[in-house]
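The residues of the chain are indexed from 1 along the displayed sequence. As the structure is a prediction and not an experimental result, all values here were calculated from the model. Each ligand, and each atom within it, is numbered from 1 in the order the structure gives.
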Amino acid sequence: MRHVLVTGGAGFIGSNFVHYLLGSEPDVQIVTMDALTYAGSLENLKDLPDPSRHVFIHGDIANRELVDCIFAEYEIDTVVHFAAESHVDRSILDPGAFVQTNVIGTFTLLEAARKAWLVDKTVPRDAVRFHHVSTDEVFGTLSKADPPFREETAYQPRSPYAASKAASDHFVRAYYTTYGLPISISNCSNNYGPRQFPEKLIPLMILNATSGKTLPIYGDGMQIRDWLYVDDHCEALWKVATQGRVGETYCIGGDNQPANLEIVRTICQILDELQPDSPFTPHEQLMTFVPDRPGHDRRYDIDISKIKSELGWQPRHDLQQGLLATVRWYLEHPEWVQAITQQSDYDGWMQKNYANRKDQT
Ligand code: NAD
Ligand code: TYD
């Protein structure tokens with residue numbers, strides 16, 4: 001039986017990971033630790049496949065005493081570390097929270113793992129793993145002609161979010177080289193799917209479109225991301241955490257290159273088909289160009305050949321299938337949308353981020 005600590009497991013990817021792991025691995029016990037910020041919710045941990053193998057602890061990863069207790073009491077041998085402030089736009093408006101959680105919080109977890117595994121030796125060293133979930137945004141931005149990001153690409157973060165994740169990656173790697181802490185890191189592209197907080201592009205566009213609100217496209221909408229369906233990311237993470245080589249980094253992505261405009265148009269077309277009688281059909285009429293994000297990264301692209309060849313992983317969902325499943329999920333879960341938006345001062349965020357972006361169409 002593995003004893004897995006999932007940090008940030010009440011957020012988007014973390015909660016999908018908890019569902020995935022309980023549903024696919026009978027020999028794991030999971031402790032989820034989450035501070036339940038605006039982005040985390042117990043709504044995301046409802047209807048777990050086997051709740052008897054899951055414990056939830058409400059707490060901050062920067063709380064050393066609490067983290068030490070969790071390692072000792074639950075004999076944690078595997079950490080899958082998701083907890084973070086994760087939204088670029090918020091990092092532009094309030095960078096301090098990103099340093100606190102992403103840097104200090106990660107450092108605190110590393111210290112707790114070092115003490116438990118290397119000093120107190122609660123679990124044999126060859127049976128432990130600290131897996132750090134990171135982003136391709138640490139690599140910066142690409143021009144059209146640049147080759148994709150690879151594991152060896154130099155870090156060049158450009159937003160406070162990306163800088164804080166880069167700092168956390170450096171700490172994780174330093175704990176491997178300095179102390180021999182058994183770590184792995186994955187740098188993944190943009191995720192989408194069920195239970196994503198509707199501040200990010202895809203759920204925001206789905207919810208705005210279904211309620212007849214404008215679809216705010218930053219700049220010219222020609223920025224390019226690589227998009228990965230969240231279940232595929234979860235599968236990749238477990239492979240890296242359990243089969244990936246200690247001390248190594250793995251790039252993860254969906255192997256696609258759509259511009260934001262293409263994503264928004266596809267969502268509109270899916271909604272037109274699923275809701276032909278909506279007063280907002282055709283939904284593309286709601287698209288609105290608004291002033292760009294400062295320092296907006298132009299293009300991400302990620303080379304997944306290492307994880308493919310070493311671990312035999314590749315994405316199962318293509319973008320069209322994944323977007324259709326995602327739109328359907330949001331349409332079928334109005335009670336989730338209501339609970340999440342009510343508990344988090346969502347209207348306040350929309351006002352703060354969009355009120356000063358005047359329509360440029
Ligand atoms: P999210 O914002 O949906 O969830 C983050 C979770 O962490 C929330 O439940 C929140 O309550 C919790 N949290 C925040 N601060 C905390 C603290 N101090 N202590 C404990 N819990 C805390 O984020 P997400 O999109 O699920 O991303 C998860 C991880 O994956 C992050 O580390 C992010 O950098 C990384 N990542 C995300 C994407 C993406 O597209 N969303 C892509 C690549 C990597
Ligand atoms: P986002 O989901 O915030 O992820 P990230 O910034 O981490 O890539 O944004 C994805 C892309 O969508 C990014 O290029 C910014 C753009 N975007 C918009 O055009 N309008 C919006 O309202 C949002 C939230 C994002």
Side-chain angles (χ1 to χ4, degrees), residues 6-17 32-42 44-45 57-63 66-67 80-92 97-98 100-102 104-106 108-109 132-138 141 159 161-162 164-165 168-169 186-193 195-205 208 214-228 230 233 237 252-254 258-261 263-264 287-293 295-300 302 340 344 349-350 353-354 357:
V6 176
T7 71
F12 164 48
I13 309 176
S15 65
N16 278 286
F17 182 75
T32 294
M33 181 193 198
D34 198 295
L36 299 179
T37 68
Y38 80 91
S41 174
L42 293 178
N44 292 338
L45 294 170
I57 296 176
H58 183 194
D60 189 327
I61 53 165
N63 180 342
L66 178 60
V67 176
V80 186
H81 174 34
F82 295 91
E85 290 292 336
S86 68
H87 188 32
V88 173
D89 289 322
R90 287 190 196 248
S91 83
I92 293 168
F98 288 71
Q100 176 57 30
T101 288
N102 301 1
I104 309 289
T106 300
T108 308
L109 280 174
H132 179 58
V133 181
S134 193
T135 165
D136 61 356
E137 302 194 27
V138 298
T141 186
S159 70
Y161 164 64
S164 67
K165 291 297 290 188
S168 66
D169 291 11
S186 50
N187 295 95
C188 185
S189 61
N190 286 56
N191 281 216
Y192 68 101
R195 295 188 282 271
Q196 185 167 32
F197 190 81
E199 63 187 351
K200 305 277 169 62
L201 179 73
I202 288 175
L204 180 100
M205 295 298 164
N208 277 17
T214 56
L215 308 180
I217 292 160
Y218 295 167
D220 63 1
M222 293 309 289
Q223 303 84 1
I224 290 173
R225 301 289 182 264
D226 174 297
W227 293 94
L228 181 64
V230 65
H233 189 193
L237 286 171
I252 304 174
N260 292 343
L261 270 180
I263 293 283
V264 178
M287 286 167 59
T288 308
F289 290 91
V290 300
D292 211 347
R293 173 189 278 174
H296 199 167
D297 288 344
R298 194 68 183 165
R299 178 167 88 93
Y300 304 147
I302 194 145
I340 293 291
S344 62
W349 166 251
M350 295 300 279
N353 194 41
Y354 295 98
R357 293 181 198 263

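- Of the protein's heavy atoms, T101 CG2, 3.4 Å lies nearest to atom 15 (N) of ligand 1.
- Distances from ligand 1 to the non-hydrogen atoms of F82 include at least one value under 4.0 Å.
- Using a 4.0 angstrom heavy-atom cutoff, S15 does not count as in contact with ligand 1.
- Residue contacts with ligand 1, taken as heavy atom pairs separated by less than 4.0 Å, do not involve N102 at all.
- At the shortest separation from atom 1 (P) of ligand 1 among protein heavy atoms lies S86 OG, 3.5 Å.
- Where the criterion is an N or O separation shorter than 3.5 Å, residue side chain and backbone included, E199 fails it with respect to ligand 2.
- Side-chain contact check for I340 versus P198: some heavy-atom pair is nearer than 4.5 Å.
- With hydrogens left out, the protein atom closest to atom 6 (O) of ligand 2 is R293 NH1, 2.5 Å, a heavy atom.
- In this structure, I13 and V133 have side chains that are not in contact, with every pair of non-hydrogen atoms separated by 4.5 Å or more.
- Of the listed options A84, A10, A39, A84 places a heavy atom closest to atom 5 (C) of ligand 1.
- Considering only heavy atoms from C-beta on, T135 stays 4.5 Å or farther from N187 through its side chain.
- Atoms of ligand 1 found under 4.0 Å from any heavy atom of D60 (numbered from 1 in listed order, with element): 17 (C), 18 (N), 19 (N).
- Looking at Y161 against ligand 1, only its side chain comes within 4.0 Å, counting heavy atoms.
- Of all protein heavy atoms, the one closest to atom 20 (N) of ligand 2 is P216 O, 2.8 Å.
- Nearest residue to atom 42 (C) of ligand 1 from G11, G253, S189 is S189 (criterion: closest heavy atom).
- Of the protein's non-hydrogen atoms, F12 CD2, 3.7 Å is the one closest to atom 25 (O) of ligand 1.
- Below 4.0 Å from some heavy atom of L36 lie the following atoms of ligand 1, by number and element: 11 (O).
- Ring geometry for Y192 against W227 counts as perpendicular: the plane angle is over 60°, on a 0 to 90° scale with 30° as the lower cut.
- Residues F197 and F12 keep their aromatic ring centres 6.0 Å or farther apart.
- Here's the thing with Y38: none of its N/O atoms is less than 3.5 angstrom from an N/O atom of ligand 1.
- The distance criterion of under 3.5 Å between nitrogen or oxygen atoms is not met by L204 with respect to ligand 2.
- No side-chain donor-acceptor contact under 3.5 Å links R90 to the backbone of S86.
- Under a 4.0 Å heavy-atom criterion, Y354 is in contact with ligand 2.
- When hydrogens are left out, the protein atom nearest atom 21 (N) of ligand 1 is A35 N, 3.0 Å; that is the closest non-hydrogen contact.
- The aromatic rings of Y354 and Y218 are tilted relative to each other, their planes meeting at an angle between 30° and 60°.
- Not one N or O of Q223 is nearer than 3.5 Å to an N or O of ligand 2, by distance alone.
- Where the criterion is an N or O separation shorter than 3.5 Å, residue side chain and backbone included, K200 fails it with respect to ligand 2.
- Closest to atom 11 (C) of ligand 2 among all protein heavy atoms lies N260 ND2, 3.5 Å.
- Residue H87 has at least one heavy-atom neighbour below 4.0 Å for each of these atoms of ligand 2: 3 (O).
- Proximity to K165 (heavy-atom distance under 4.0 Å) selects the following atoms of ligand 1: 31 (C), 32 (O), 33 (C), 34 (O).
- L228 places none of its side-chain heavy atoms less than 4.5 Å from the side chain of N190.
- Taking the side chain as every heavy atom from C-beta outward, M222 and N260 never approach each other to under 4.5 Å.
- Taking every non-hydrogen atom of T37 and a distance limit under 4.0 Å, the qualifying atoms of ligand 1 come out as 10 (C), 11 (O), 14 (C), 15 (N).
- Less than 4.0 angstrom separates some heavy atom of I217 from each of these atoms of ligand 2: 19 (O).
- Between S189 and I302, the shortest heavy-atom distance links the atoms CB-CG2, 4.2 Å.
- Protein heavy atom nearest atom 9 (O) of ligand 1, with residue, atom name and distance: D34 OD2, 2.6 Å.
- Here the side chains of D169 and H132 are in contact, with some heavy-atom distance below 4.5 Å.
- Backbone and side-chain nitrogen or oxygen atoms of Y300 are examined, and none is located within less than 3.5 angstrom of a nitrogen or oxygen of ligand 2.
- Although no hydrogens or angles enter the test, the distance criterion places a donor-acceptor pair under 3.5 Å between the side chain of T7 and the main chain of F82.
- The protein heavy atom nearest to atom 40 (O) of ligand 1 is N191 N, 2.8 Å.
- Neither side chain, E85 nor Y161, offers a donor N or O lying under 3.5 Å from an acceptor on the other.
- Between the side chains of Y300 and Q223, not a single donor N or O lies within less than 3.5 Å of an accepting N or O.
- Of the protein's heavy atoms, S134 O, 3.2 Å lies nearest to atom 44 (C) of ligand 1.
- For V88, no nitrogen or oxygen atom sits less than 3.5 Å from a nitrogen or oxygen atom of ligand 2, counting backbone and side chain alike.
- In this structure a side-chain-to-backbone donor-acceptor pair under 3.5 Å is missing from D34 to H58.
- In this structure, the side chain of N102 does not engage the main chain of K165 through any donor-acceptor pair within 3.5 Å.
- A donor-acceptor pair is defined here as one N or O able to donate and one able to accept, closer than 3.5 Å; no such pair exists between the side chain of D297 and the backbone of R299.
- Looking only at side-chain heavy atoms (C-beta outward), I202 and I263 come within less than 4.5 Å of each other.
- Counting heavy atoms only, I13 comes closest to atom 38 (C) of ligand 1 of the residues I61, N190, L237, I13.
- Looking only at protein heavy atoms, the nearest one to atom 14 (O) of ligand 2 is H296 NE2, 2.7 Å.
- For atom 2 (O) of ligand 2, the closest non-hydrogen atom of the protein is L201 N, 2.9 Å.
- In this structure, atom 7 (O) of ligand 2 lies nearest to the protein heavy atom E137 OE2, 2.5 Å.
- Looking only at heavy atoms of the protein, atom 19 (O) of ligand 2 is closest to Y218 N, 2.9 Å.
- Distance alone, capped at 3.5 Å, places no donor-acceptor pair between the T214 side chain and the P216 backbone.
- Looking from atom 4 (O) of ligand 2 to the surrounding protein, the closest heavy atom is N190 ND2, 3.4 Å.
- Residue contacts with ligand 1: Y192 is excluded, as none of its non-hydrogen atoms falls under 4.0 Å.
- Ligand 1 is never approached by T7 to a heavy-atom distance shorter than 4.0 Å.
- Note: no N/O pair closer than 3.5 Å links W227 and ligand 2 by distance alone.
- Under a 4.0 Å criterion applied to the non-hydrogen atoms of V133, ligand 1 contributes the atoms 30 (O), 32 (O).
- Contact between G59 and ligand 1 is present, with at least one heavy atom of the residue lying under 4.0 Å from the ligand.
- A donor-acceptor pair under 3.5 Å links the side-chain atoms of T141 to the main chain of R298, judged by distance alone.
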D89 vs K200, salt bridge (charged side-chain N to carboxylate O under 4.0 Å, His left out): CA-CA, chis, key distance, verdict: CA-CA 9 Å; D89 289 322; K200 305 277 169 62; over 6 Å; no
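- Ranked by closest heavy atom to atom 7 (O) of ligand 1, the top entry among C188, G8, A162, G40 is G8.
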